Amino acid sequence: MAITEWEVGRAAVGQKEIKIVLCDDDPTFLEELSTELTRIFAKRNIRVKIAAFHGPAGISEDALRTCDMAFLDIDFESDDRNGIDIARELREVNSRSLLFFVTNFIDYAPAGFEVHAFRYILKQDRDEVLERYILQAMETLAEGQEHLRLRDEDRIVDVPLSQIEYLEVKDHYVSVHAGASTYTLSSSLSNLENALEPHGFLRIHKSYLVNMALIRKFRSRECLMVSGTALAVGEKSYPQHKQKYLRWKGLK
């Protein structure tokens with residue numbers, strides 16, 4: 001049965017101190033990242049507690065369970081596990097932490113979707129994007145987790161917007177694709193577009209509304225999501241939508 005009632009809202013949370021886990025096998029980079037994060041938070045008079053690890057072996061379950069943010073490299077030369085493995089362990093004990101992958105490679109993006117990565121930071125782009133991404137993260141933590149609340153006769157489900165990859169209209173119903181879960185709504189995609197556009201969603205086609213944070217490549221005929229899903233793009237409206245996407249990314 002399709003869900004008939006929905007709304008977009010936030011679940012408010014309190015935040016007295018930001019706890020951060022860092023993991024990278026380059027000690028110089030790890031120290032630089034720790035110093036830069038400390039500076040960014042200090043500018044805003046926010047207390048921060050950073051636990052830095054030189055590889056996966058030393059990370060405790062308690063550190064993962066209690067952290068508000070995790071910054072993980074992906075490839076570790078001296079360990080069988082990689083950053084995706086650590087992220088899976090994180091998600092087993094902590095669903096609310098904001099996860100950043102800080103890496104030289106973007107090839108792991110589909111796996112990052114599985115563990116609900118908040119942002120990818122290429123190491124060479126760190127100075128350019130880190131502070132902006134931290135501000136976005138702080139908005140999420142301070143104001144609460146944005147979610148799509150779905151309600152029917154038997155249950156209420158809060159689906160974090162960060163986990164929604166795209167919405168698809170088919171046969172007068174809208175399917176909400178969020179990780180391994182799909183929810184069917186009795187609603188118009190236009191109504192959902194009006195509610196979700198201020199939260200970073202873009203109507204790329206008459207059938208698709210996508211989460212811009214989860215776009216891997218946006219081209220004139222195809223939008224490739226980080227999960228590997230390829231969606232059709234409305235060719236006539238592509239220039240207008242590409243401009244919206246670039247403005248959202250801060251490139252225009």
Side-chain angles (χ1 to χ4, degrees), residues 11 13-34 36-38 41 48-123 126 130 133-134 136-138 140-141 144-147 157-165 177-182 211 213-214 216 225-229:
V13 296
Q15 200 67 39
K16 295 182 180 180
E17 180 182 65
I18 305 298
K19 296 180 179 179
I20 298 177
V21 165
L22 309 182
C23 188
D24 196 294
D25 58 0
D26 180 343
T28 300
F29 180 82
L30 194 62
E31 183 176 353
E32 291 174 352
L33 180 58
S34 179
E36 183 65 10
L37 288 170
T38 300
F41 283 105
V48 61
K49 184 177 181 180
I50 297 177
F53 299 91
H54 292 108
I59 300 181
S60 68
E61 182 178 310
D62 184 64
L64 295 178
R65 181 185 294 109
T66 58
C67 71
D68 301 295
M69 300 181 190
F71 292 76
L72 308 178
D73 194 1
I74 292 182
D75 288 317
F76 297 95
E77 294 182 3
S78 59
D79 201 287
D80 292 336
R81 292 188 297 163
N82 60 30
I84 300 296
D85 296 321
I86 302 171
R88 291 191 181 109
E89 295 170 14
L90 170 70
R91 286 301 176 229
E92 287 179 2
V93 298
N94 185 342
S95 61
R96 64 177 180 79
S97 178
L98 300 181
L99 172 60
F100 298 77
F101 283 118
V102 188
T103 179
N104 287 318
F105 308 99
I106 203 67
D107 298 342
Y108 288 89
F113 175 71
E114 172 197 339
V115 293
H116 308 308
F118 182 73
R119 293 290 184 271
Y120 278 83
I121 301 174
L122 289 174
K123 288 187 175 181
R126 185 194 72 203
L130 181 61
Y133 286 174
I134 289 297
Q136 294 170 359
M138 289 307 300
T140 299
L141 289 175
Q145 174 69 66
E146 297 174 335
H147 62 263
V157 178
D158 287 334
V159 185
L161 297 190
S162 61
Q163 296 180 17
I164 298 175
E165 184 179 26
H177 299 271
S181 301
T182 300
N211 185 345
L214 299 179
R216 187 176 183 183
M225 309 302 291
V226 295
S227 67
T229 300

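Source: prediction; values computed, not measured. Heads up: numbering here begins at 1 and tracks the sequence.
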Visitor: So, for Gly83 and Leu72, which heavy atoms are closest and what is the spacing to 0.1 Å?
Guide: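 In terms of heavy atoms, the two residues are closest at O-CD1, 3.7 Å.
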Visitor: Check whether any side-chain heavy atom of Ile50 lies under 4.5 Å from a side-chain heavy atom of Phe71, and answer yes or no.
Guide: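 The answer is no; the side chains never approach within 4.5 Å.
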Visitor: Who pairs with Gln136 by side chain to side chain contact (heavy atoms under 4.5 Å, CB included), at least two apart in sequence or on another chain?
Guide: Phe118, Arg119, Arg132, Tyr133
Visitor: At what distance, to the nearest 0.5 angstrom, does CD of Gln163 lie from NE2 of His147?
Guide: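 Atom-to-atom, Gln163:CD and His147:NE2 are 12.5 Å apart.
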Visitor: Between Arg91 and Leu99, is any pair of side-chain heavy atoms under 4.5 Å apart?
Guide: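 Side-chain contact under 4.5 Å: yes.
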Visitor: If you round to the nearest 0.5 Å, how far is CZ of Arg65 from CD of Glu89?
Guide: 12.5 Å
Visitor: Show the nearest heavy-atom pair for residues Glu17 and Asp68, with the distance to one decimal.
Guide: O-OD2, 3.3 Å
Visitor: Which value, rounded to the nearest 0.5 Å, describes the distance between Asp85 atom CG and Ile74 atom CD1?
Guide: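 Atom-to-atom, Asp85:CG and Ile74:CD1 are 11.0 Å apart.
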Visitor: Within the 4.5 Å heavy-atom criterion, are Leu37 and Leu130 side-chain neighbours or not?
Guide: yes
Visitor: Okay, side chain of Thr38, backbone of Ser34: is any donor-acceptor separation there less than 3.5 Å?
Guide: yes
Visitor: Does Ser97 reach the side chain of Leu64, with side-chain heavy atoms less than 4.5 Å apart?
Guide: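 No, their side chains stay 4.5 Å or more apart.
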Visitor: Between Glu165 and Asn211, is a side chain to side chain contact (heavy atoms under 4.5 Å, CB included) present by the stated rule, with each step listed?
Guide: CA-CA 5 Å; Glu165 184 179 26; Asn211 185 345; 5.7 Å; no
Visitor: Under 4.5 Å between any side-chain heavy atoms of Phe41 and Ile134, yes or no?
Guide: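 They are in side-chain contact.
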Visitor: Under a 4.5 Å cut-off applied to non-hydrogen side-chain atoms, are Val115 and Leu90 in contact?
Guide: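 They are not in contact (no side-chain heavy atoms under 4.5 Å apart), so the answer is no.
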Visitor: Can you tell whether the side chains of Glu32 and Arg126 come within less than 4.0 Å, N to carboxylate O?
Guide: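 Judged by the 4.0 Å cut-off on N to carboxylate O distance, Glu32 and Arg126 do form a salt bridge.
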Visitor: Which atoms form the tightest heavy-atom contact between Ala63 and Val21, and what is the distance?
Guide: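 Minimum heavy-atom contact is O-CG2, 3.6 Å.
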Visitor: Rounded to the nearest 0.5 Å, how far apart are OG1 of Thr66 and NZ of Lys49?
Guide: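 One gets 7.5 Å once the value is rounded to the nearest 0.5 Å.
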Visitor: Considering non-hydrogen atoms only, spot the tightest contact between Ile18 and Met69 and give its length.
Guide: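 Closest approach of Ile18 to Met69, heavy atoms only: CG2-CE, 4.3 Å.
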Visitor: Heavy atoms only: give me the nearest Leu33-Leu22 pair and the separation to one decimal.
Guide: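 Smallest heavy-atom distance, with atoms named: CD2-CD2, 4.1 Å.
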Visitor: Using the test side-chain hydrogen bond (donor to acceptor under 3.5 Å, both in side chains), find all partners of Lys123 that sit at least two apart in sequence or belong to another chain.
Guide: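 Testing Lys123 for side-chain hydrogen bond (donor to acceptor under 3.5 Å, both in side chains), a comparison that skips the adjacent residues, returns Asp24, Asp73.
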Visitor: Give me the atom names and distance for the closest heavy-atom approach of Phe53 to Leu30.
Guide: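 Scanning both residues completely, I find the closest heavy atoms to be O-CD2, 3.5 Å.
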